[in-house]
2 protein chains.
Amino acid sequence: MDGLTERPARNGEHGATRRRLPPAERRKQIVDEAVRFFAEVGLEGKTRELARRLGVTQSLIFNYFATKDELIDAVYEKVYIGRLSPDWPERLTDRSVPIRERLLAFYSEYSALIFEWEWMRIFMFSGLAGASLNQRYLEHLGDVILRPLLAETEVLAHTDTPPKMEDVWNLHGGIAYIGIRQHIYRMPEPVKPQDEIARAIDKYLLFFGIDKEQ
Amino acid sequence: MDGLTERPARNGEHGATRRRLPPAERRKQIVDEAVRFFAEVGLEGKTRELARRLGVTQSLIFNYFATKDELIDAVYEKVYIGRLSPDWPERLTDRSVPIRERLLAFYSEYSALIFEWEWMRIFMFSGLAGASLNQRYLEHLGDVILRPLLAETEVLAHTDTPPKMEDVWNLHGGIAYIGIRQHIYRMPEPVKPQDEIARAIDKYLLFFGIDKEQ
DNA sequence: AATTCTATTGAGCAGATGATCTTTAAAAGC
DNA sequence: GCTTTTAAAGATCATCTGCTCAATAGAATT
């Protein structure tokens with residue numbers, strides 16, 4: 001109506017208006033910002049607001065993604081891909097290393113990934129939305145991480161109550177909940193998350209009478 | 001344009017069109033359906049779709065709620081109010097009963113409440129949206145349930161590592177994660193959730209060397 | 001410096017969405 | 001049975017939203 005609609009603001013970088021990026025670079029820029037943006041406001045965040053944050057026009061987004069769903073797919077891909085390192089199954093089952101050490105190493109690395117603000121929130125948003133990626137990720141996690149972990153526990157367990165898959169999920173859930181509290185419920189971060197993880201692991205091992213040095 | 005916009009469908013109840021309800025009753029009907037609806041699709045669910053499910057016109061909703069936010073507030077109120085029974089703090093600290101029994105009783109009742117599909121999802125949606133109700137609920141939970149629980153644990157603990165608030169959160173989180181897996185991530189429900197809760201509690205007590213009969 | 005190529009903008013459309021207001025008709029009072 | 005009251009429907013508005021497309025201008029090539 002007024003001819004002033006959707007004028008892009010200055011680009012944050014260097015405070016100068018930077019136009020005409022190479023397509024691959026611009027595409028990456030859009031996806032990166034979209035990850036932050038959707039993590040903050042949810043997948044129903046509006047493309048005009050995203051464009052404003054990018055300092056470009058809204059129509060530019062549709063030059064790189066045919067539909068908003070396609071952009072969301074790119075966000076999913078960026079966030080989900082490479083999250084589960086393929087060498088963990090091997091390291092978790094390396095019996096030359098004490099189980100406690102293996103667990104500490106795994107959850108030290110893994111928590112650094114999943115306690116990330118963007119991952120945690122997009123994972124939750126996509127879970128609520130019923131995205132199949134979410135369920136597939138958890139199935140995969142169960143198959144390549146938790147099930148092997150159960151097998152390791154079974155080998156070492158000394159108690160008469162045999163370990164069950166649910167016990168591994170309980171260990172995992174108790175740790176994941178640290179991130180949920182922080183990033184979804186916005187509660188303060190524990191002073192030393194790594195210590196809490198270690199205690200959760202020790203609680204788990206003790207329950208099955210597993211010696212820490214084993 | 002065509003004069004056919006937004007004609008309400010038949011009301012599900014008795015298959016008959018039921019019109020002109022007493023205001024209090026209609027209001028309750030709207031809130032009840034809104035709870036289900038928003039739990040399913042999120043708080044950005046559209047009022048027209050809600051009206052369709054109710055079998056009424058969209059404008060009727062705004063006859064009972066000035067704005068959509070006001071409706072959402074009513075949903076929050078309905079879902080949050082009375083969730084934390086006021087007599088739990090007392091029962092959790094009743095030392096004439098063994099701690100394991102107290103914990104089992106509490107989490108048996110509490111999990112029945114929080115493992116509810118609607119609660120779990122609306123709690124998560126409102127948490128992601130940053131609703132203050134969410135943080136206030138968790139603060140309250142920490143104050144009246146978890147902190148007293150820590151005190152009880154401290155009294156009975158036999159180990160040299162003193163229990164910390166984070167340990168109680170870990171117990172709680174591991175249990176809450178059962179519901180999250182089921183209702184947010186849509187994974188299958190554990191066969192016997194009560195058994196898993198019992199195991200989580202035993203794990204917790206064992207870690208602090210607390211005798212189950214104590 | 002002129003030309004070409006194409007990343008980006010500017011303008012706008014069609015349908016959706018929260019909200020308003022007038023009209024209709026179900027039920028209570030007489 | 002007629003009147004009054006008001007719950008609910010019907011119509012519509014202003015704005016928002018995903019998306020399209022022609023016009024513009026930045027940069028590489030010649």
Side-chain angles (χ1 to χ4, degrees), chain A residues 1-14 16-31 33-34 37-38 41-75 129, chain B residues 1-14 16-31 33-34 37-38 41-75 129:
Chain A
M1 203 58 128
D2 58 10
L4 291 174
T5 27
E6 293 158 31
R7 174 166 300 169
R10 301 268 135 185
N11 190 312
E13 217 172 327
H14 305 306
T17 299
R18 172 145 351 171
R19 293 179 57 183
R20 248 187 131 74
L21 291 185
E25 195 176 328
R26 177 70 84 188
R27 193 191 147 93
K28 180 178 178 337
Q29 186 196 51
I30 293 175
V31 174
E33 187 66 41
F37 176 58
F38 288 137
V41 306
L43 301 170
E44 313 214 24
K46 316 302 178 189
T47 53
R48 277 175 175 78
E49 168 68 9
L50 172 60
R52 202 190 53 74
R53 296 190 184 201
L54 280 161
V56 300
T57 53
Q58 182 238 14
S59 61
L60 185 66
I61 293 170
F62 289 93
N63 210 313
Y64 290 87
F65 303 94
T67 64
K68 189 186 166 186
D69 275 345
E70 209 174 272
L71 171 60
I72 290 176
D73 284 344
V75 166
Chain B
M1 205 59 127
D2 58 10
L4 290 174
T5 27
E6 294 156 29
R7 174 165 298 169
R10 302 267 135 183
N11 189 312
E13 218 172 326
H14 306 306
T17 300
R18 170 130 9 156
R19 293 179 56 183
R20 246 186 131 74
L21 291 185
E25 195 175 327
R26 179 69 82 187
R27 193 192 147 93
K28 181 177 178 334
Q29 187 196 51
I30 293 174
V31 174
E33 188 65 41
F37 175 58
F38 288 137
V41 306
L43 301 170
E44 313 214 23
K46 315 302 179 190
T47 54
R48 276 176 176 80
E49 168 67 9
L50 172 59
R52 203 191 53 74
R53 295 191 184 200
L54 280 160
V56 300
T57 53
Q58 180 240 12
S59 61
L60 186 66
I61 292 170
F62 289 93
N63 211 313
Y64 290 86
F65 303 92
T67 64
K68 190 187 167 186
D69 274 346
E70 211 173 90
L71 171 62
I72 290 176
D73 284 345
V75 166

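Every chain is numbered from 1, with letters handed out A, B, ... down the list of sequences. Atom set for the values below is all heavy atoms of this structure, side chains included, hydrogens, waters and symmetry mates excluded.
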Between P of D:dT17 and CG of A:L50, the distance in whole Å: 13 Å
Output for pair (B:L43 CG, A:E44 CD), nearest 0.5 Å, gives 9.5 Å
Once you round to the nearest 0.5 Å, how far does CG of B:L60 lie from CD1 of B:I30? 5.0 Å
Pair B:K28 + B:E25, salt bridge at N-O below 4.0 Å: no
Can you tell me how far C1' of D:dC19 sits from NZ of A:K46, to the nearest Å? 14 Å
Please state how far atom CZ in B:R48 lies from atom C1' in D:dT15, giving the value in whole angstrom units. 12 Å
Winner on side-chain proximity to A:Q58, out of C:dG10, D:dG18, C:dT8, is D:dG18
Among C:dT8, D:dA8, C:dG18, find the nucleotide with the atom closest to the side chain of B:L21. D:dA8
How does protein reach along nucleotides 23-30 of chain D, written 5' to 3' as B (base within reach of a heavy atom under 4.0 Å), S (only sugar-phosphate), or - (no contact)? --BBS---
So does A:R26 get a side-chain nitrogen or oxygen closer than 4.0 Å to the phosphate oxygens (OP1/OP2) of C:dA7? no
Do B:R26 and B:V56 touch side chain to side chain, with heavy atoms closer than 4.5 Å? yes
So, with a heavy-atom separation below 4.0 Å from DNA chain D, the residues of residues 62-75 of chain A are A:F62, A:A66, A:T67, A:K68
Rounded to whole Å, how long is the line connecting atom CD of B:E44 with atom P of C:dT17? 11 Å
Any idea which heavy atoms bring A:V75 and A:A34 closest together, and the distance? CG2-CB, 3.7 Å
Measure from CG on B:L43 to C1' on C:dG18 and round the result to the nearest Å. 16 Å
Check whether any side-chain heavy atom of B:V31 sits under 4.5 Å from a side-chain heavy atom of B:Y64, and report yes or no. no
Using atom types as modelled and distance alone, determine if a side-chain donor or acceptor of B:E70 lies under 3.5 Å from a backbone N or O of B:A66. yes
B:R52 CZ to D:dG10 C1': how many Å, rounded? 19 Å
Between D:dA7, D:dT12, C:dA7, which nucleotide has the shortest distance from any of its atoms to the side chain of B:P23? D:dA7
Under a 3.5 Å distance rule, please check whether A:K68 uses its side chain to pair with a backbone N or O of A:K46 as donor and acceptor. no
Please state whether the phosphate of C:dG18, meaning OP1 or OP2, lies under 4.0 angstrom from any side-chain nitrogen or oxygen of B:T47. yes
To the nearest angstrom, the CG-P distance between B:L60 and C:dC21 comes to 17 Å
Are A:L71 and A:F38 side-chain neighbours, meaning at least one heavy-atom pair lies under 4.5 Å? yes
